[in-house]
S.K.: 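One structure coming up, written as structure tokens, with questions to follow.
Basis for what follows: all heavy atoms, side chains included, without hydrogens, waters or symmetry-related copies.
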Amino acid sequence: MFPKYDVIVVGAGHAGCEAAHAAAKMGSKVLLCTMNMNTIAQMSCNPAMGGVAKGQIVREIDALGGMSGIISDKSMIQFRMLNRSKGPAMWSPRSQNDRMLFAEEWRLALEQTPNVDFWQEMISGLLVKDGRVRGVKTGIGIEIESESVVLTNGTFLNGVIHIGEKQFGGGRTGESAAKGITEQLVQLGFEAGRMKTGTPPRVDGRSLDYSRMEEQLGDEKPEKFSYLDSTKPLETQRSCWITYTNKEVHQTLETGFDRSPMFNGRIQGLGPRYCPSIEDKINRFAERERHQIFVEPEGWNTVEIYVNGFSTSLPEDVQYEALRKIPGFENAKMFRPGYAIEYDFFPPTQLKLTLETHLIENLFFAGQINGTTGYEEAASQGLVAGINASLKVQEKGPFILKRSDAYIGVLVDDLINKGTEEPYRMFTSRAEFRLLLRQDNADLRLTQLGHQIGLASDERLEKMLDKKTSTAKLINDLKQKKLSPELINEGLENIGTASIQEKISVEKLLKRPQIGIEELKTVDQELKQYLSKYSKEVLEQAEIQIKYDSYIDKEQQMVEKLSNMESYKIPTRFDYLSITALSNEGRQKLNKIRPETLGQASRISGVSPADLSILTVYLGR
């Protein structure tokens with residue numbers, strides 16, 4: 001009935017979609033298995049992509065040849081560049097999306113990708129022989145063979161939904177949980193745990209009074225995620241709105257605490273620290289009189305509203321009563337209540353940097369199964385797993401992004417070397433080289449790598465090389481071009497910066513904090529005409545590189561200093577347990593994680609500097 005596949009992807013969420021697309025694009029024959037073809041790429045929580053650090057990840061996925069940026073652009077209803085008031089390392093693109101359109105665009109993209117087949121059914125187990133995965137077994141007993149398997153099960157592994165004192169099995173509201181895989185993996189020797197996440201109630205936008213809220217508009221000149229010209233920035237946008245809880249809302253919520261699964265012990269899994277439920281917020285931050293609520297439309301035409309900031313598992317009657325005490329929500333009609341969901345995950349220290357498991361060859365994990373939270377984190381792992389599953393089948397070398405290459409590299413490195421005991425979320429603060437890993441230069445950093453493995457198209461590569469060449473030429477010209485005092489002093493005074501006494505290069509002028517490319521255009525007409533020949537992306541790139549060149553150089557030197565340790569390979573079967581000079585914890589952690597380089601070993605939690613010195617001596621022998 002089925003041919004033998006190169007890659008079987010289990011689960012069609014954000015991780016599964018990216019894994020299936022990447023592997024297929026690279027020439028592998030792929031089967032994407034999902035319990036429901038109608039929920040492919042479902043935005044289970046908020047209808048948005050990107051945000052702080054997450055927006056950088058979406059742009060990195062796009063630069064490598066993935067689809068999340070393109071799909072986000074095609075389904076976008078609002079765009080905002082966050083943190084514009086800060087330095088460029090902090091700028092983070094974020095879109096509000098049409099939930100239904102996002103899922104539709106992903107499904108259409110996959111259906112139009114050669115080499116992708118689909119199968120709608122629960123996968124209940126893996127076919128494993130001689131320490132290697134050989135395929136999957138479906139709920140009705142069909143065995144489908146493959147060279148590799150990527151598990152992207154999201155919140156479905158033994159998922160339990162909680163609403164107040166009610167609890168029932170499910171991977172998402174209205175959808176069944178997946179059973180069988182956890183139990184088999186544990187029997188095979190894997191360590192499993194439980195995590196928890198939640199979602200807020202959805203309400204009818206027609207029942208809200210927006211005059212009592214603050215309007216949140218999109219950017220005046222919206223941008224987009226994808227570097228390709230095939231998607232366009234928005235010309236019209238939908239507004240979001242902001243309102244706040246108050247003491248009365250908090251008091252109402254507290255009446256349900258005795259029936260809260262979070263507080264009475266029924267939920268054992270740890271929830272996301274940086275996206276807590278509303279009851280957790282008012283319990284942990286009792287001194288706060290109000291909390292922000294973002295009122296987000298679910299699409300262009302639907303009236304459904306996502307109540308961001310009001311995630312809860314309290315009884316539905318308490319949710320409803322508390323909601324109606326929020327300004328603007330006095331007559332709110334609820335479509336469905338919020339809920340919490342508990343699910344199985346597998347500590348990611350059991351994986352290699354390729355996201356292949358140590359225990360079972362050719363078996364890869366990606367997404368929430370690894371303890372992460374967020375669409376973007378999941379999608380990036382799916383991309384890495386899909387790429388490496390395809391490369392492994394083709395008997396090619398692994399694809400590994402270093403911490404200095406990408407936020408995706410930071411994410412994977414953190415998971416494998418540090419593990420996580422709570423849902424992992426990416427932040428700019430996690431990246432030590434964040435000035436190098438900006439959202440504006442993801443293509444310059446990654447597109448060539450994506451092209452080398454057969455994922456990024458020739459069109460992408462040409463576009464990136466053109467941007468790189470144009471930026472270098474512009475920077476060189478701005479260094480060479482001199483401006484004289486009599487021509488520009490009046491313009492300089494108009495923009496509030498000191499006049500000059502002698503000729504000065506445009507590059508030196510651009511280093512002033514008061515002056516950007518737009519200000520340069522006002523001080524000299526000839527310069528304005530010259531700059532107008534370049535695209536917005538090239539102008540922005542040149543400005544950032546000129547303004548921050550000394551800081552960028554400093555970070556680059558740090559990267560080069562650390563690269564010696566990264567290039568020092570550790571033999572695959574190195575016997576850590578025999579080195580008695582290592583600390584007990586160091587021996588155990590090194591033996592469990594089995595780092596591939598000395599640099600990776602240095603980042604493992606529990607491996608001390610002394611352990612590292614001893615390891616270096618033994619490796620030298």
S.K.: Got a donor-acceptor contact below 3.5 angstrom from the S602 side chain to the G599 backbone?
M.R.: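 Here the side-chain-to-backbone pair exists.
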
S.K.: Other residues, nucleotides and ligands only: do more than 12 of their heavy atoms fall within 6.0 Å of CD on E220?
M.R.: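 Incorrect, the count does not exceed 12.
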
S.K.: Mind listing the closest non-hydrogen atom pair of T497 and I515 along with its distance?
M.R.: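 That would be CG2-CD1, 3.8 Å.
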
S.K.: So do the side chains of L351 and V412 get within less than 4.5 Å of each other, counting heavy atoms only?
M.R.: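 Contact flag for L351/V412 side chains = no.
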
S.K.: Report yes if the side chains of I305 and P297 come closer than 4.5 Å at any heavy-atom pair, otherwise no.
M.R.: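 They are in contact (side-chain heavy atoms under 4.5 Å apart), so the answer is yes.
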
S.K.: Just by distance, do the side chain of S390 and the backbone of G386 share a donor-acceptor pair under 3.5 Å?
M.R.: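 Checked: no pair found.
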
S.K.: Evaluate the criterion side-chain contact (heavy atoms from CB on, under 4.5 Å) for residue pair T199 and Y306; output intermediate values, then yes/no.
M.R.: CA-CA 9 Å; T199 193; Y306 181 87; 4.1 Å; yes

S.K.: Kindly say whether S85 contributes a backbone atom to a donor-acceptor pair with the side chain of W91 at under 3.5 angstrom?
M.R.: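 No: the side chain of W91 does not pair with the backbone of S85.
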
S.K.: When you check the side-chain N and O atoms of E289 and N246, is any donor under 3.5 Å from an acceptor?
M.R.: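 No, N246 and E289 have no side-chain donor paired with an acceptor closer than 3.5 Å.
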
S.K.: Kindly indicate whether the side chain of R445, heavy atoms from C-beta on, has any atom under 4.5 Å from the side chain of D405.
M.R.: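 No, every pair of side-chain atoms sits at 4.5 Å or beyond.
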
S.K.: Taking Q439's backbone N and O only, do any of them form a donor-acceptor pair with R59's side chain (distance below 3.5 Å, no angle check)?
M.R.: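 Yes.
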
S.K.: Does K74 come within less than 4.0 Å of E104, counting only side-chain N to carboxylate O?
M.R.: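 So K74 does not pair with E104 through a salt bridge.
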
S.K.: So, the side chain of D209 versus the backbone of S211: is there a donor-acceptor pair under 3.5 Å, distance only?
M.R.: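 A pair under 3.5 Å: yes.
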
S.K.: Could you tell me if T231 and K224 have a donor-acceptor pair between their side chains, going purely by distance under 3.5 Å?
M.R.: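 Note: K224 and T231 side chains meet the donor-acceptor criterion.
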
S.K.: How are the rings of Y530 and Y534 set to each other: parallel, tilted or perpendicular (split at 30° and 60°)?
M.R.: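 Taking Y534 first and then Y530, their aromatic rings stand perpendicular (interplane angle over 60°).
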
S.K.: May I ask you to check whether E296 and Q96 show a side-chain donor-acceptor distance below 3.5 Å?
M.R.: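 The criterion, which ignores hydrogens and geometry beyond distance, is satisfied for Q96 and E296.
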
S.K.: For a 4.5 angstrom cut-off between non-hydrogen side-chain atoms, does E566 reach Y568?
M.R.: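 Result no, sub-4.5 Å side-chain heavy-atom pair not found.
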
S.K.: Say whether N388 and T354, considering side chains only, have a donor N or O and an acceptor N or O under 3.5 Å apart.
M.R.: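 On atom types as modelled, these side chains do not qualify, holding no pair under 3.5 Å.
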
S.K.: Is there a salt bridge (charged side-chain N to carboxylate O under 4.0 Å, His left out) between E518 and K521 once you walk through the steps?
M.R.: CA-CA 5 Å; E518 289 307 309; K521 291 177 183 177; 3.2 Å; yes

S.K.: Identify whether NZ of Lys or CZ of Arg in R212 sits under 6.0 Å from the centre of the six-membered ring of F329 and within 45° of that ring's axis.
M.R.: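 No; the conditions do not both hold, so R212 does not lie above the ring face of F329.
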
S.K.: Decide salt bridge (charged side-chain N to carboxylate O under 4.0 Å, His left out) for R434 and E555; before the verdict, give the C-alpha distance in whole Å, the side-chain angles of both, and the deciding distance to 0.1 Å.
M.R.: CA-CA 9 Å; R434 56 186 170 273; E555 274 200 8; over 6 Å; no

S.K.: Between E540 and R84, does any NZ, NE, NH1 or NH2 come within less than 4.0 Å of an OD or OE carboxylate oxygen?
M.R.: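 Yes, R84 and E540 are salt-bridged.
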
S.K.: Determine the interplanar angle of the F79 and F225 rings, folded into 0 to 90°, and report it as parallel if under 30°, tilted if 30 to 60°, perpendicular if over 60°.
M.R.: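 Taking F225 first and then F79, their aromatic rings stand perpendicular (interplane angle over 60°).
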
S.K.: Does S68 form a side chain to side chain donor-acceptor pair (under 3.5 Å) with E18? I'd like the steps, not just the answer.
M.R.: CA-CA 8 Å; S68 287; E18 286 288 2; 2.6 Å; yes

S.K.: Using modelled atom types and a 3.5 Å cut-off, is there a donor and acceptor pairing between side-chain atoms of D98 and backbone atoms of W300?
M.R.: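 Yes.
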
S.K.: Roughly how far apart are L509 CG and Q514 CD, rounded to 0.5 Å?
M.R.: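 So the CG of L509 and the CD of Q514 are separated by 9.5 Å.
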
S.K.: Using a strict threshold of under 4.0 Å (side-chain N to carboxylate O), is an ion pair present between K473 and D477?
M.R.: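 Counted as a salt bridge, because a side-chain N and a carboxylate O are separated by less than 4.0 Å.
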
S.K.: Taking NZ, NE, NH1 and NH2 as the nitrogens, is one of them in K511 or D549 under 4.0 Å from a carboxylate oxygen of the other?
M.R.: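 Between D549 and K511 there is a salt bridge, with a charged N closer than 4.0 Å to a carboxylate O.
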
S.K.: Do any N or O atoms from the side chain of K547 and from the backbone of L510 form a donor-acceptor pair under 3.5 angstrom?
M.R.: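 At least one qualifying donor-acceptor pair exists.
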
S.K.: Check whether any side-chain heavy atom of C240 lies under 4.5 Å from a side-chain heavy atom of L217, and answer yes or no.
M.R.: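 No, their side chains stay 4.5 Å or more apart.
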
S.K.: Keeping the roles fixed (side chain from Q381, backbone from E377), state whether a donor-acceptor pair exists under 3.5 Å.
M.R.: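 Such a contact is found between Q381 side chain and E377 backbone.
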
S.K.: Check the side chains of S239 and Q216 for a donor-acceptor pair under 3.5 angstrom, ignoring hydrogens and angles.
M.R.: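 No, no side-chain donor-acceptor contact under 3.5 Å.
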
S.K.: Enter the distance from N97:CG to E105:CD here, rounded to the nearest 0.5 Å.
M.R.: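 With rounding to 0.5 Å, CG (N97) is 11.0 Å from CD (E105).
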
S.K.: My understanding is that only one of T447, D443, D229 makes a side chain to side chain donor-acceptor pair (under 3.5 Å) with K463; could you say which?
M.R.: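 Of the listed options, the one satisfying the test is D229.
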
S.K.: Backbone N or O of V538 within a donor-acceptor pair of the S470 side chain at under 3.5 Å?
M.R.: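 Side chain of S470 to backbone of V538: no pair is present.
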
S.K.: Verify the distance criterion only: is there a donor paired with an acceptor across the side chains of D62 and S226 at less than 3.5 Å?
M.R.: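 Yes, side-chain donor-acceptor contact under 3.5 Å.
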
S.K.: For the residue pair Q541 / T471, report whether a side-chain donor-acceptor contact shorter than 3.5 Å exists.
M.R.: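 Side-chain D/A pair, T471 to Q541: absent.
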
S.K.: For a salt bridge (charged side-chain N to carboxylate O under 4.0 Å, His left out) check, start with the C-alpha distance between E298 and R202, then their side-chain angles and the critical distance, and finish with the verdict.
M.R.: CA-CA 9 Å; E298 299 251 353; R202 312 299 201 270; 3.2 Å; yes

S.K.: With a 4.5 Å heavy-atom cut-off, do Y227 and M464 have their side chains touching?
M.R.: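 Answer no - side chains too far apart.
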
S.K.: Relative to each other, are the rings of W241 and Y210 parallel, tilted or perpendicular (30° and 60° limits)?
M.R.: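 Judged by the thresholds at 30° and 60°, the geometry between W241 and Y210 is tilted.
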
S.K.: Using only atom types and a distance under 3.5 Å, with no angle test, would you say the side chain of N441 pairs donor to acceptor with the backbone of R438?
M.R.: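 Yes; judged by distance alone, with no hydrogens or angles, the pair exists.
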
S.K.: Applying side chain to side chain donor-acceptor pair (under 3.5 Å) to K482 and S505, what does each step give before you reach the verdict?
M.R.: CA-CA 4 Å; K482 308 280 186 185; S505 73; 5.0 Å; no

S.K.: Run the salt bridge (charged side-chain N to carboxylate O under 4.0 Å, His left out) test on E537 and K467 for me, step by step, so that the C-alpha distance in whole Å, both residues' side-chain angles and the decisive distance to 0.1 Å come before the verdict.
M.R.: CA-CA 8 Å; E537 290 74 23; K467 176 179 171 180; over 6 Å; no

S.K.: Tell me if the CG atom of N301 is crowded by more than 12 foreign heavy atoms within 6.0 Å.
M.R.: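 Not buried by this count: 12 neighbours or fewer within 6.0 Å.
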
S.K.: Do the non-hydrogen side-chain atoms of L474 and L531 ever get within less than 4.5 Å of each other?
M.R.: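 They are in contact (side-chain heavy atoms under 4.5 Å apart), so the answer is yes.
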
S.K.: With the side chain counted from C-beta on, respond yes when D414 and L411 share a heavy-atom pair under 4.5 Å apart, and no when they do not.
M.R.: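 Side chain of D414 against side chain of L411, heavy atoms only: no contact under 4.5 Å found.
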
S.K.: Under a 4.0 Å threshold between the charged nitrogen and the carboxylate oxygen, would E519 count as salt-bridged to R512?
M.R.: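 Result for this pair is no, no salt bridge flagged.
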
S.K.: Would you sort out whether Q56 and T428 count as a side-chain contact (heavy atoms from CB on, under 4.5 Å), showing the intermediate values?
M.R.: CA-CA 9 Å; Q56 282 87 327; T428 48; 4.0 Å; yes

